[in-house]
Participant: 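Following this message is one structure expressed as structure tokens.
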Amino acid sequence: MSIKQTIKYIIGFIYYNVYRRYQTSVGNRIVLYHSIGSKLDHDTYGIAISKEKFTEHILYLKDHYEIIPIDENYQDNLDRKTLSITFDDGYKDNIYALEICEKYNIPFTLYITTGFIGQENYLTAEDIKRFAKSQFCILGTHSVTHPHLDTLSYDEQYKELEESKKVLEDIVEYKITHFSYPHGSYDKHTLIILDKLGYNTVGSSHVGLNTKDNIDMKKIKRIEIIASDSINSLREKIDGYYDYLMIKENTI
Ligand SMILES: [Zn+2]
């Protein structure tokens with residue numbers, strides 16, 4: 001562990017034991033994965049988790065939590081303790097996640113950066129059709145070029161959200177209504193555009209438990225899981241050790 005990680009952990013430990021553990025755990029926690037098992041050139045942070053570790057996580061999650069889809073009934077299911085699984089970017093190796101999740105009947109959402117489709121390490125249009133056929137997979141978009149949306153003009157953002165929706169809809173041949181923010185970044189324009197284009201569930205990089213009282217369907221909270229996360233740190237993240245962060249740094 002680096003000094004920074006150690007400090008983060010110590011604060012998390014104190015935050016959890018002094019405060020968080022006495023708060024509600026009723027609600028939905030969402031974990032966010034990226035790549036599974038690939039060696040990525042740009043991965044200094046640990047967004048690529050090994051296949052073995054991912055499988056270990058999934059087996060743990062299925063035995064300890066009720067895993068629910070982030071679908072049109074999502075808000076009605078916040079009255080109990082649940083977990084949801086998401087993937088950002090559309091890495092080719094997510095085919096492994098599809099296989100594992102189908103094997104154990106686990107729903108998940110995959111948000112695809114449509115400008116990356118067919119590039120090295122990313123899913124092809126044919127791959128995405130396979131995900132679209134699975135009853136366990138919900139698909140959403142993650143922009144075209146993976147920009148920091150809050151650095152773009154209204155029109156540029158509109159293009160990112162509109163074009164990615166069109167490209168994915170053309171591949172899967174049904175309406176896409178789910179989105180996640182690249183880098184967790186958005187501004188007031190993004191929220192308006194999401195409404196205009198009919199996106200109604202949006203994964204953010206805010207950290208926390210989604211509850212009946214705090215749910216905002218345009219800012220659904222998620223916590224990122226990385227290569228160094230053991231079962232123990234996975235459980236701590238789900239229990240809310242890092243809810244004090246509220247918005248995560250370094251989001252991909
Ligand atoms: Zn991303």
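Whatever order the structure lists ligands and atoms in, that order sets their numbers, starting from 1.
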Participant: Got a second to check how far Ile95's CD1 is from Asp127's CG, nearest 0.5 Å?
Facilitator: 4.0 Å

Participant: Assess Asp89: does it contribute an N, O or S atom lying under 2.8 Å from the Zn ion (ligand 1)?
Facilitator: yes

Participant: Let me know which of Thr151, Asp150, Thr190 forms a side chain to side chain donor-acceptor pair (under 3.5 Å) with Gln157.
Facilitator: Thr190

Participant: Can you tell me if Glu66 uses its side chain to pair, donor with acceptor, with the backbone of Thr82 under 3.5 Å?
Facilitator: no

Participant: Are Tyr181 and His206 an aromatic pair by the rule of ring centers under 6.0 Å?
Facilitator: no

Participant: Assess His34: does it contribute an N, O or S atom lying under 2.8 Å from the Zn ion (ligand 1)?
Facilitator: no

Participant: Taking both backbone and side chain into account, is any N, O or S atom of His146 nearer than 2.8 Å to the Zn ion (ligand 1)?
Facilitator: yes

